[in-house]
Amino acid sequence: MHSEPRSGRLAAWGNALLAQAVSPDEAALAIVGEDAVHRVEGLPGEAGPVGLTLALGRLRRLGVTGWRVALPAPGHPLGLSGPPEFNARALAAQEAVVGFGAPYGLVPEVSEVGPPGDRHVTVVWHCLPVREAPPADVPSLGEAERELAEALRDATLVLTRLDVAASGPAAEAARDAYRARAEAGSEVLAPGYPPRAVRVLELARRIGMLVDLAYDGHGGAVSAGEMAARGEALRPVERVARRAQVAAYNAYVEDREREREKERGL
């Protein structure tokens with residue numbers, strides 16, 4: 001889970017576009033990333049799929065003033081607010097983007113095309129109605145930061161006792177790949193995000209990488225009981241890392257909400 005979800009890229013750069021911190025072309029380029037093409041289907045007023053630039057502009061005119069991320073998992077509707085149809089599609093994709101200010105959400109459908117060795121990834125974002133309600137189980141940035149520190153400490157103690165080592169060529173290759181991604185993308189989030197959000201997201205990604213390596217590495221946990229204990233130790237920290245990711249991506253919208261409440265004198 002340590003890799004950047006496509007919903008995170010869309011929300012972060014979509015928010016930067018709404019804040020006029022980047023141009024439409026810059027936002028679309030950052031959202032597509034290494035994929036071949038992204039299209040949006042089901043957009044109000046459009047009979048077929050359209051490009052990202054047109055879609056984000058249309059949704060802004062329809063009232064979207066911010067984007068939130070959802071990273072749901074079975075039994076954990078993280079970031080979702082309904083209705084059931086949207087929640088089901090998001091759970092199947094394990095991610096979604098939820099509009100703030102207007103009841104629209106986007107769920108990605110990812111496909112690979114082309115011969116082996118020359119595969120290209122295409123993404124169709126399905127635009128669906130969402131319920132305007134607080135997202136499920138999303139912590140504040142402060143809560144997420146504290147949870148990450150506590151979960152990492154607890155998991156480290158258990159994994160050390162089980163002698164689970166994230167070592168060997170595969171683990172080192174994974175760490176090298178992570179470092180290369182971090183160096184290549186100096187901006188963890190798009191322009192306009194608070195420094196604390198950047199810090200929380202970076203820590204969540206690092207912890208996610210460690211979780212993935214611990215799942216993949218065998219270390220000394222070879223019995224079924226030890227393997228089960230490893231899973232029990234990793235599941236809470238993985239859940240906390242996903243919650244922290246969502247909190248970081250959603251920080252832009254949460255800041256705007258707080259500003260509006262201050263303006264209203266709440």
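In this text, all values refer to a predicted model and were calculated from it rather than measured experimentally. Side chains included, hydrogens not; waters and symmetry mates left out as well; all remaining heavy atoms used.
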Main-chain N/O of F100 paired to T65 side chain as donor or acceptor, under 3.5 Å: yes
Residues R206, E202: salt bridge by 4.0 Å N-O rule: yes
Residues forming a side-chain contact (heavy atoms from CB on, under 4.5 Å) with R199, sequence neighbours excluded: E145, R196
Any side-chain heavy-atom pair of L80 and V130 under 4.5 Å: no
Extract all donor-acceptor atom pairs below 3.5 Å that involve side chains of residues 66-73 and protein atoms in other chains or at least two apart in sequence.
{"unit_1": "R68", "atom_1": "NE", "unit_2": "E254", "atom_2": "OE2", "d": "3.0"}
{"unit_1": "R68", "atom_1": "NH2", "unit_2": "E254", "atom_2": "OE2", "d": "3.3"}
{"unit_1": "R68", "atom_1": "NH2", "unit_2": "E257", "atom_2": "OE1", "d": "2.9"}

Whether S81 side chain and R131 backbone form a donor-acceptor pair below 3.5 Å: yes
Salt bridge R243-E143, side-chain N to carboxylate O under 4.0 Å: no
All salt bridge (charged side-chain N to carboxylate O under 4.0 Å, His left out) counterparts of R39, not counting sequence neighbours: none
Test item: H76 and D137 side chains (from C-beta on) under 4.5 Å apart, heavy atoms: yes
Short side-chain to backbone donor-acceptor contact, N87 and G82, under 3.5 Å: yes
L17 side chain near P24 side chain, heavy-atom distance below 4.5 Å: yes
Over 12 foreign heavy atoms within 6.0 Å of CD, Q94: no
pair P5-Y249: side-chain heavy atoms closer than 4.5 Å: yes
Side-chain ion pair, D35 and R9, N-O less than 4.0 Å: yes
Donor-acceptor pair between E109 and H126 side chains, under 3.5 angstrom: yes
Side-chain H-bond candidate by donor/acceptor type, N15 with Y193, under 3.5 Å: yes
